[in-house]
Undergrad: 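Here it is, the structure in full.
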Amino acid sequence: MDWHETTPDVGERWERDDGNAVVSVRETATGAWAVTYDRLRQAPAGEAYRRETCETEADALALAAEWRDGDSEEA
């Protein structure tokens, strides 16, 4: 499944082409970087949510790419 980058108010965000999942990266108030994966309940594979923090933006972007690449749900 392909992903496209959207334009959020803060951080970076990618939406899966079917609209059923989103990965986002943003800086937290403490200076860490939060990465989230949110798949909607109506997605064929069902609901899923993950959140991790990283020390650097580069690490957060790498984790976001890993989650997008590892998202194997078929359309």
Side-chain angles (χ1 to χ4, degrees):
M1 181 74 52
D2 290 329
W3 295 78
H4 62 276
E5 192 166 0
T6 63
T7 340
D9 293 336
V10 209
E12 296 189 46
R13 178 181 165 107
W14 298 265
E15 184 175 315
R16 204 168 63 188
D17 282 346
D18 66 1
N20 285 329
V22 172
V23 172
S24 63
V25 172
R26 67 173 181 81
E27 187 173 14
T28 68
T30 64
W33 290 84
V35 184
T36 58
Y37 170 85
D38 191 9
R39 189 173 64 218
L40 301 177
R41 181 178 302 146
Q42 63 266 36
E47 183 176 26
Y49 182 81
R50 295 172 73 179
R51 182 185 186 279
E52 288 188 31
T53 56
C54 299
E55 290 187 24
T56 67
E57 181 180 18
D59 289 343
L61 291 171
L63 180 58
E66 181 182 315
W67 285 359
R68 290 190 315 271
D69 291 342
D71 185 82
S72 60
E73 178 180 300
E74 296 180 13

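The figures here come from the full heavy-atom set of this structure, side chains too, leaving out hydrogens, waters and symmetry mates.
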Undergrad: Search all heavy atoms of Asp18 against all heavy atoms of Asn20 and return the closest pair with its distance.
TA: OD1-N, 2.9 Å
Undergrad: If you round to the nearest 0.5 Å, how far is CG of Asp2 from CZ of Arg16?
TA: 11.0 Å
Undergrad: Considering non-hydrogen atoms only, spot the tightest contact between Trp3 and Ala21 and give its length.
TA: CZ3-O, 3.6 Å
Undergrad: What's the spacing between Glu27 CD and Trp33 CH2 if we round to 0.5 Å?
TA: 4.5 Å
Undergrad: Can you tell me how far the CZ atom of Arg13 sits from the NE2 atom of His4, to the nearest 0.5 Å?
TA: 9.0 Å
Undergrad: Do Val22 and Val35 share a hydrophobic cluster (ILVMFWY, side-chain heavy atoms under 4.5 Å, transitive)?
TA: no
Undergrad: Search all heavy atoms of Leu40 against all heavy atoms of Gly19 and return the closest pair with its distance.
TA: CD1-O, 3.6 Å
Undergrad: Near Arg41 CZ, under 6.0 Å, is it more than 12 heavy atoms from other residues, nucleotides or ligands?
TA: no
Undergrad: I need the minimum non-hydrogen distance between Ala45 and Arg39, along with the two atoms involved.
TA: O-NH2, 3.5 Å
Undergrad: Looking at CD of Glu47 and CD of Gln42, how far apart are the two atoms once the value is rounded to the nearest 0.5 Å?
TA: 9.0 Å
Undergrad: Taking the side chain as everything from C-beta on, heavy atoms only, tell me whether Ser24 gets closer than 4.5 Å to Asp38.
TA: no
Undergrad: Looking at every heavy atom in both Glu52 and Trp67, which two are closest together, and how far apart are they?
TA: OE2-CZ2, 3.6 Å
Undergrad: For a quick test of reading the model, state the closest non-hydrogen atom pair linking Thr28 to Ala34 and the distance between them.
TA: CG2-CB, 3.8 Å
Undergrad: Tell me if the CD atom of Glu55 is crowded by more than 12 foreign heavy atoms within 6.0 Å.
TA: no
Undergrad: With rounding to the nearest 0.5 Å, note down the distance linking CD in Glu66 to CG in Leu61.
TA: 12.5 Å
